[in-house]
Each structure stands twice: as C-alpha cells, then as structure tokens.
Amino acid sequence: MIRVLLVDDQPLIRSGFRALLDLEDDIEVVAEAADGSECLALAREHRPDIALIDIQMPVVNGIEATRRIAADPTLAGVHVVILTNYGLDEYVFDALRAGAAGFLVKDIRPEDFLHSVRVAARGDALLAPSITRRLINRYVNQPLHTAADAGLDELTSREREAVALVAQGLSNDQIAERMVISPLTAKTHINRAMTKLHARDRAQLVVLAYESGLATPRTS
C-alpha cells in the first residue's frame, strides 16, 4: 500500500486528488494539510511514502516544506512530489535542490498522475516531460557548477556510465540493457553513485550529472 500525504491550500484541489487516489486499491491518502508547516507535522506523524506538495501556500511554502522534510533524517523514506500550476524554471530547480523526488504540473492527465505516484513511491526520479525539456535545455546554455564535481573522482567508470544514463531518463531495466548487465547490477551502480555523491534520490542525481558535466545535453 502506497501511503500519501496531500498538501495544498485549496480544499477543492485536495478533494479532487483524494477522490482520484481513493479509487486505487494500492494507494491510501493518510492525511491532508493546507500549508507547509502543517505538512511537516503530519509527515512526522504518519510517515507517508509520498508527500504531494503544492508550491504556493501560506505560512510555509512548498519549497521550504520540502527542504525541511529532506533535512529530517526520520523522514528519509518520504518522497516529495511537487504539484503546481506553474512550470517555471526557478521552481523546478529550487524544488529539486530542496530534495524533491519529482515535479508535476496540475494539468496532468489522471492516468499519468496515478502512474507518477507509483513511480515516485519506487524511488525513481519523476519529472513531467515538459519539465524535463526545460531542465535539459537550461544546461545547454548554462556554465557548469564546479561545486558539483565533489565526489566524481570516487565513481568507477561503470558508475559514471550508469549516472549518465539515469540523466537521460532511462529506467534500471533500460540502463541494464544498454550496459549489458543485469537490472540488479545496474541498480547497485546507481545506489553506490548516489551514496558517493550524497544524492538523496535519482532526481538529485540527475541535477548533479548535468551540473558536473557528467551528462551533456543533446542540442539536436
């Protein structure tokens, strides 16, 4: 059972998402919050698998709520997915750097939304296709962040290869096929790379890959 915490200051929005999630046999909404401060307290109380958090909220916004969840070692198992009406670059990068596992816009189709919840619960990076394009396009014209190089020297050549493929959006099975290894070995390479780079999840691993130059956006 995937346990979900819904966080949005608009009751109608929360009701809509809850009605959709409650129809699924493998998903349970354990609590709802109207702001980021309430979200943190409920996350500690219920320890959900997924926290679906809106960005624009009173008292404590979604970015700060995400940052606080990520900084709390007792909430390491909580995967934050940001929900917003906006697809603005600054929100994407702020959310990912704060520790979000994914970023979805609210006009997503219901079936895609449900799939996204399940993907995030597995610990995979999750970005809407439009957001992924923005993420990659930004790095085409942005200088590299040398601070992101920390830890790269500790990666093996196979770990570097796996991280670069993660940055392309490939799943573990696809990475295994590309590298001609088993899915379990692919997962091991990725997990070791995350540990060495101090990445909370695959989403942050993607950001680090582009910032360090380990992954290079394709301009064509």
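Nothing fancy with the numbering, it's 1 onward along the sequence. None of the values given here were measured: they were computed from a predicted structure.
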Taking [X] for its side chain and [Y] for its backbone only, find out whether a donor-acceptor pair lies under 3.5 Å.
| X | Y | answer |
| --- | --- | --- |
| Arg178 | Leu165 | no |
| Glu64 | Val60 | no |
| Arg158 | Met179 | yes |

For this session: Among Val81, Ile50, Ile108, find the residue that satisfies the side-chain contact (heavy atoms from CB on, under 4.5 Å) test when tested with Ser116.
Result: Ile108
Problem set entry | Single hit among Val7, Leu6, Leu52, Leu42 for side-chain contact (heavy atoms from CB on, under 4.5 Å) with Glu32 |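 Exactly one pass, corresponding to Leu6.
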Do you know which two heavy atoms are closest between [X] and [Y], and how far apart they sit?
| X | Y | value |
| --- | --- | --- |
| Asp35 | Pro58 | CB-O, 3.3 Å |
| Phe113 | Leu20 | CD2-CD2, 3.4 Å |
| Ala98 | Ile63 | CB-O, 3.8 Å |
| Arg3 | Arg47 | NE-O, 4.0 Å |
| Met57 | Ile53 | CE-CG2, 3.9 Å |
| Ala199 | Leu208 | CB-CD1, 4.0 Å |

Starting at [atom1] of [X], measure out to [atom2] of [Y] and round the result to the nearest 0.5 Å.
| X | Y | atom1 | atom2 | result |
| --- | --- | --- | --- | --- |
| Ile190 | Leu205 | CD1 | CG | 7.5 Å |
| Asp8 | Ile55 | CG | CD1 | 11.0 Å |
| Leu5 | Glu45 | CG | CD | 10.0 Å |
| Leu155 | Leu197 | CG | CG | 4.5 Å |
| Ile181 | His189 | CD1 | NE2 | 4.5 Å |
| Leu114 | Leu23 | CG | CG | 8.5 Å |

For this session: Please test Lys106 against Ile13 for side-chain contact (heavy atoms from CB on, under 4.5 Å), starting from the C-alpha separation and ending with a verdict.
Result: CA-CA 9 Å; Lys106 290 182 179 178; Ile13 296 294; 4.1 Å; yes
For this session: Please report the C-alpha distance between Glu154 and Lys196 in whole Å, then the side-chain angles of each, then the deciding distance to 0.1 Å, and finally whether the salt bridge (charged side-chain N to carboxylate O under 4.0 Å, His left out) criterion is met.
Result: CA-CA 7 Å; Glu154 298 182 26; Lys196 292 176 181 179; 5.9 Å; no
Exercise. Between Leu83 and Phe17, does a side-chain contact (heavy atoms from CB on, under 4.5 Å) hold up when you go through it step by step?
Worked result: CA-CA 11 Å; Leu83 286 168; Phe17 281 126; 3.9 Å; yes
Got more than 12 heavy atoms from elsewhere within 6.0 Å of [atom1], [X]?
| X | atom1 | answer |
| --- | --- | --- |
| Arg160 | CZ | yes |
| Leu12 | CG | no |
| Glu28 | CD | yes |

For this session: Show your reasoning for whether side-chain contact (heavy atoms from CB on, under 4.5 Å) applies to Ile175 and Lys187.
Result: CA-CA 9 Å; Ile175 292 171; Lys187 182 177 181 180; over 6 Å; no
Exercise. Under a single-linkage definition using a 4.5 Å side-chain heavy-atom cutoff for Ile, Leu, Val, Met, Phe, Trp and Tyr, are Val30 and Leu21 assigned to the same hydrophobic cluster?
Worked result: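 Different clusters.
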